[in-house]
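Heads up: the structure comes next, in C-alpha cells.
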Amino acid sequence: MTLIWDALATPGLWWIAIGAFLAGTVRGFAGFGTGMIYLPFASAVLSPVGAILSLTIMDGIGPLPVIPSALRTAPRKPLILLIAGMALFLPIGLMVLTLMAQTTFQWVIGSVTLLAVALLIGGFRFPGAVTAPVWFGTGAAVGLLGGAVGVPGPPAILVSMASTMGPAAIRAVNMVLLFSYDAIIFPMMWLQGMFSLTPVLIGAIMLVPYLVGLSIGTAIFDPTKEKTYRGVAYAVITFAALMALPVWGG
C-alpha cells in the first residue's frame, strides 16, 4: 500500500492524467495517437524509461475490450508483416532509449510528433506500392521509433493511409499493431533491466482516465466522419507535442 500511496503522491500526476484521458479519447475514435499524446505529458514528470513503462501498462490493458473487434476487421497479411518487423527491431530502439537524457527525450518526442502531424496534414503518402516488403520495413521503423521514444504509430499511420484499406481497416490495423507493441515491449524492458515499480503503478492508475476517454472515443466513432476525427486528432497531438518541448518552464 505504501508504494501505491507514493505513486499517487507523485508531483504532477494530475498532468499525466490529463494526457491519459486525451490519449484514450483520440485512440478510441481515430485508432492511433496514444503515445504521441500521452508521452509529452508523462515525460514532463517521469524519466524517459518511466514514461514509456507507464504507457506500456496503461495502453496494454486499456484497449483490451476493443481488440477482438479490431482483430476481426484488420487485414491479416499487412498486420502480420508489421508485427514481425516491429518485434525484430524493437530491441535496437530500446538500446537507444537507455542513452537519452530526459531533456533530449522531450525534444525528440516533440519534434518527431510535430513532423508526423505535418506530414499527415500535408497529405504525405508513401509514394510507391504498399507491398509485403514495405509493410515489413514499416514494422521495422515502428520498432525502432517505438523503442527509442515510445511513439511507434507514425510510420504505420503514414503507410497504411497510402494503402487501399478503408478507414475502418486502417483504424483496426493500427489498434492491433499498437496493442502488440505494448505486449512485446514490456517483457523486453524487463529483460533489459529497465523495470521500475513506481512507473508501473502510475500506468495502472492512469487506466482510469484512459478508459474513460477510450470509451467516449469508441462510442462516438463513425467511419463516415473520418476527416473530422483526423482533424481533431491532429489538433490534440499538436498541442501535446508543443507542450513536450522543454522550453516552457524556464
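If you're wondering where the values come from, they're calculated on a predicted model, not measured in any experiment. We use all heavy atoms of the structure for the numbers below, so side chains are in, but hydrogens, waters and symmetry mates are not.
Within the 4.5 Å cutoff, the side chain of Ile16 has heavy atoms near those of the Tyr38 side chain.
With sequence neighbours left out, Pro40 forms a side-chain contact (heavy atoms from CB on, under 4.5 Å) with Ile109, Ala240, Ala244. Residues meeting the side-chain contact (heavy atoms from CB on, under 4.5 Å) test with Leu88, sequence neighbours left out: Phe136. Legend: residues meeting side-chain contact (heavy atoms from CB on, under 4.5 Å) with Thr164, ordered by chain and number and at least two apart, are absent. The side-chain contact (heavy atoms from CB on, under 4.5 Å) test applied to Ala233 returns Val26, Phe29, Ala30, Phe32, not counting sequence neighbours. Among residues two or more places apart in sequence or in another chain, the ring pair (Phe, Tyr, Trp, His ring centres under 6.0 Å) test is passed with Trp15 by Phe41.
Listed by first then second residue, pairs satisfying salt bridge (charged side-chain N to carboxylate O under 4.0 Å, His left out) with a partner in residues 138-149 number zero, not counting sequence neighbours. For residues 128-138, no pair satisfies side chain to side chain donor-acceptor pair (under 3.5 Å), with sequence neighbours left out. Pairs passing the salt bridge (charged side-chain N to carboxylate O under 4.0 Å, His left out) check and including a residue from residues 97-106, sequence neighbours excluded, do not occur. Residue pairs meeting the side chain to side chain donor-acceptor pair (under 3.5 Å) criterion with at least one partner in residues 104-124, sequence neighbours excluded, do not occur; the list is empty.
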Using atom types as modelled, flag every donor-acceptor pair under 3.5 Å from a side chain in residues 58-70 to any protein atom, sequence neighbours excluded.
| residue | atom | partner | partner atom | Å |
| --- | --- | --- | --- | --- |
| Asp59 | OD1 | Arg27 | NH1 | 2.7 |
| Asp59 | OD1 | Tyr210 | OH | 2.5 |
| Asp59 | OD2 | Arg27 | NH1 | 3.0 |

For residues 178-198, dump all side-chain donor-acceptor pairs below 3.5 Å to protein atoms at least two apart in sequence or in another chain.
| residue | atom | partner | partner atom | Å |
| --- | --- | --- | --- | --- |
| Ser180 | OG | Val176 | O | 2.9 |
| Tyr181 | OH | Gly146 | O | 2.8 |

Under 3.5 Å, side-chain donor or acceptor atoms of residues 91-102 against the rest of the protein: list the pairs with distances, not counting sequence neighbours.
| residue | atom | partner | partner atom | Å |
| --- | --- | --- | --- | --- |
| Thr98 | OG1 | Met95 | O | 2.6 |
| Gln102 | NE2 | Ser43 | O | 2.6 |
| Gln102 | NE2 | Leu46 | O | 2.8 |

(request) Evaluate the criterion side chain to side chain contact (heavy atoms under 4.5 Å, CB included) for residue pair Thr25 and Leu214; output intermediate values, then yes/no. (result) CA-CA 5 Å; Thr25 304; Leu214 186 66; over 6 Å; no
